[in-house]
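Quick caveat: nothing in here was measured; it's all calculated off a predicted structure. Just so we're on the same page: letters track the sequence lines, and every chain starts at 1.
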2 protein chains.
Amino acid sequence: MEAHPTLDQLEIFLAVVEEGGFSAAARKLNRAQSVISYGVSNLEAQLGLQLFERTGTRQPRLTESGASLLQDARRMIAGLQMLRARAHGLAQGLEGEVRLAVDVLVPMPVLTVVLESFRTAYPTVGVRLYTGALGAAADVVMRGEANIGIVGEAMSSLPELVSHLVGGNQISPVAAPSHPLARADAPVPKAVLREYPQVVISDLSRWTDGRDFHVYALNTWRVSDLATKHALISAGLGWGGLPVWLIHDELESGRLVALSLEPYPPSNYSMFAIRRDDKPFGPAASWMAERFEAAFADFSRIRK
Amino acid sequence: MEAHPTLDQLEIFLAVVEEGGFSAAARKLNRAQSVISYGVSNLEAQLGLQLFERTGTRQPRLTESGASLLQDARRMIAGLQMLRARAHGLAQGLEGEVRLAVDVLVPMPVLTVVLESFRTAYPTVGVRLYTGALGAAADVVMRGEANIGIVGEAMSSLPELVSHLVGGNQISPVAAPSHPLARADAPVPKAVLREYPQVVISDLSRWTDGRDFHVYALNTWRVSDLATKHALISAGLGWGGLPVWLIHDELESGRLVALSLEPYPPSNYSMFAIRRDDKPFGPAASWMAERFEAAFADFSRIRK
DNA sequence: CTTATCCAATCAAGTTTTCCGATAAGTATC
DNA sequence: GATACTTATCGGAAAACTTGATTGGATAAG
């Protein structure tokens with residue numbers, strides 16, 4: 001009653017079920033047949049019930065109870081294999097977890113493709129994901145909460161960070177078709193531009209405090225995330241820069257219009273993988289950084 | 001390398017982490033302190049890594065690897081307890097699984113309340129849920145695929161079934177307010193009624209084949225589920241009976257109108273728990289049947 | 001500074017468990 | 001009925017586990 005079932009016993013149990021017999025299980029596990037018999041009867045004694053119906057018939061059959069417990073046994077063995085795989089990875093220097101901070105400008109298709117392939121390549125390495133605008137993602141890396149960040153150019157040049165170019169991102173100033181700028185003569189000079197409210201992502205981290213990028217208007221809407229910026233611009237409340245991947249369909253269908261502005265041409269916003277200089281990548285993190293580079297390349301190839 | 005970690009070792013590991021020390025873990029587990037030492041170092045050897053940082057310090061601290069594996073270890077022990085609990089239940093005659101077939105007329109709030117309380121009362125008993133209209137649910141019980149059914153009156157009187165009244169269900173003929181019957185003089189006689197298309201749930205099981213209940217119209221829409229019936233009636237394509245619990249809000253707001261029909265008054269449709277006479281309920285199934293009765297009672301009390 | 005206390009590691013010895021190989025008893029198939 | 005295959009069981013050997021005592025080290029109190 002005190003005694004626990006053993007993983008060994010559960011493994012025997014599974015082998016018997018899968019192979020359909022005690023002897024076959026013994027062969028599969030490379031152990032004596034008596035061990036199987038012994039193991040099964042011990043397991044049955046500890047659980048206080050019969051797992052197999054073996055009334056002299058050639059093949060023992062699972063009882064109903066056995067079938068119910070089979071699922072638990074499978075879970076246990078799967079968990080064991082997971083644990084062993086993780087331990088094996090850790091023993092070889094793999095991280096137990098990668099904490100990734102991404103800027104909101106990283107195209108979602110790139111992010112999902114990378115995460116998906118990462119999961120199959122490193123099933124034992126957990127992923128923790130932080131997202132933030134502009135400085136926020138870099139800030140998380142600076143504080144050591146994330147060990148890899150994918151951020152824009154401006155953030156990657158801080159002295160405590162090591163950065164590596166992984167790809168680019170087309171940003172274009174846009175507005176709703178009903179917006180006056182959409183119908184103005186191109187290119188719009190700076191002096192005109194500043195008269196129209198601009199939607200700007202603002203960020204509360206200390207690294208970008210007070211700095212503005214491509215802000216020309218006197219009047220700004222400050223939002224904290226890309227979705228809100230997108231919504232405000234779509235609603236015609238103002239103009240602003242948005243990544244082309246996000247609004248590709250809307251540009252095609254005319255629900256948004258690309259603006260031609262003198263001081264703000266459509267620009268390629270480079271993205272960098274960053275880490276703190278005193279926290280080198282483990283194998284999984286550096287694999288992930290390479291994968292981001294490849295995914296960015298694939299992504300811009302498809303867009304063209 | 002071949003040797004598996006043992007559940008015993010994992011339990012020791014957890015105890016050390018929770019108690020914060022080897023000796024404390026020994027006290028908790030009522031075992032000699034050397035066992036803890038032995039067990040931890042064996043586990044570390046088998047996994048090929050260090051779990052604790054113990055550089056002469058008073059309290060051993062988890063390494064990063066240890067923290068990663070801790071979660072797996074917890075899962076394993078939780079799984080073990082689940083398995084043992086299920087085995088304990090099975091040994092005492094509990095079912096490993098209850099297969100429940102419900103008629104679509106069972107109010108969803110009743111069903112969810114019962115399933116929720118069942119899950120807390122019998123966490124080790126799995127539930128498989130079948131839903132169907134009219135005969136379908138009873139059919140599943142007849143065929144032995146489900147061991148408990150909650151069905152309407154007509155299905156419960158088959159000779160191979162044992163049935164028990166668990167509650168009732170108000171059914172009312174209704175139509176959209178735009179429907180001619182909604183504005184007709186009440187009560188509508190049968191001869192008039194048959195001129196308007198009726199939406200009827202039809203069921204393909206052999207037990208109700210060819211039988212119809214409360215079908216008066218010459219022209220019928222035959223659908224296979226309640227949601228479709230509901231949608232067709234709401235759209236004004238026809239009239240038909242719907243359970244009051246489903247359309248309570250729509251009756252209040254006037255989006256549906258209760259009809260007063262001479263041959264089809266609002267009726268109480270009784271619901272029965274059924275089982276095959278040669279397959280008696282186990283303890284969990286009979287608890288569930290009782291719970292359905294209580295839930296139906298609560299439900300109709302609240303509706304009043 | 002000394003002493004007492006608590007801790008983890010290790011060792012030797014006894015006990016229990018597990019394993020193997022052989023054997024027995026039984027069942028399908030030919 | 002012979003044969004080839006099962007599962008159960010037993011005895012002896014090997015391995016693993018447990019215990020209790022001891023050691024060396026770190027902390028806290030006197």
**Asked** With sequence neighbours excluded, what pairs up with B/Glu44 under the salt bridge (Lys or Arg N to Asp or Glu O under 4.0 Å) test?
**Response** B/Arg54
**Request:** Please list, chain by chain and in numerical order, all residues satisfying salt bridge (Lys or Arg N to Asp or Glu O under 4.0 Å) with A/Arg276, sequence neighbours excluded.
**Result:** A/Asp278
**Asked** Which part of the nucleic acid does A/Gly21 contact within heavy-atom distance under 4.0 Å: base, sugar-phosphate only, or nothing?
**Response** sugar-phosphate
**Request:** Sugar-phosphate means primed atoms, P, OP1 and OP2; the rest is base. With that split, encode nucleotides 16-24 of chain D 5' to 3' as B, S or - using protein heavy atoms under 4.0 Å.
**Result:** -BBBB----
**Message:** Rounding to 10°, can you tell me the angle the first-five-pair axis of the helix from C/dC1-D/dG30 to C/dC30-D/dG1 makes with its last-five-pair axis?
**Reply:** 30°
State which residues pass side chain to side chain contact (heavy atoms under 4.5 Å, CB included) with [X]; sequence neighbours excluded, sorted by chain then number.
X	result
B/Ser286	B/Phe281
A/Pro280	A/Arg275
B/His164	B/Val166, B/Glu293

**Message:** Run the ring pair (Phe, Tyr, Trp, His ring centres under 6.0 Å) test against A/Tyr122 and tell me which residues pass, sequence neighbours left out.
**Reply:** A/Phe118, A/Trp287
**Request:** Would you please test B/Leu115 and B/Leu129 for side chain to side chain contact (heavy atoms under 4.5 Å, CB included) and show each step?
**Result:** CA-CA 10 Å; B/Leu115 290 180; B/Leu129 181 64; 4.3 Å; yes
Would you say a side-chain N or O of [X] is under 4.0 Å from OP1 or OP2 of [N]?
X	N	answer
A/Ser37	D/dA8	yes
B/Ser23	C/dA8	yes
B/Arg27	C/dC6	no

Can you tell me how far [atom2] of [N] sits from [atom1] of [X], to the nearest Å?
X	N	atom1	atom2	answer
B/Glu19	C/dC7	CD	P	11 Å
B/Gln46	D/dA15	CD	P	16 Å
A/Phe22	D/dT9	CZ	P	11 Å
B/Phe52	C/dA8	CZ	C1'	12 Å

Could you go through residues 9-29 of chain A and list every donor-acceptor pair under 3.5 Å that involves a side-chain atom there, pairing it with any protein atom two or more places apart or in another chain?
residue: A/Gln9; atom: OE1; partner: A/Thr6; partner atom: N; Å: 3.0
residue: A/Glu18; atom: OE1; partner: A/Lys28; partner atom: NZ; Å: 3.0

**Request:** Please work out which residues in residues 63-70 of chain A have a non-hydrogen atom less than 4.0 Å from an atom of DNA chain C and list them by number.
**Result:** none
Identify every side-chain donor-acceptor pair in residues 67-79 of chain A under 3.5 Å, counting partners at least two apart or on other chains, and give the distances.
residue: A/Ser68; atom: OG; partner: A/Glu64; partner atom: O; Å: 3.4
residue: A/Asp72; atom: OD1; partner: B/Arg86; partner atom: NH2; Å: 3.4
residue: A/Asp72; atom: OD2; partner: B/Arg86; partner atom: NE; Å: 2.6
residue: A/Asp72; atom: OD2; partner: B/Arg86; partner atom: NH2; Å: 3.4

**Message:** Among residues at least two apart in sequence or on other chains, which ones pass side chain to side chain donor-acceptor pair (under 3.5 Å) with B/Asp8?
**Reply:** B/Arg31
**Request:** Could you tell me which non-hydrogen atom of A/Met288 sits nearest to which non-hydrogen atom of A/Val114, and how far apart they are?
**Result:** CG-CG1, 4.0 Å
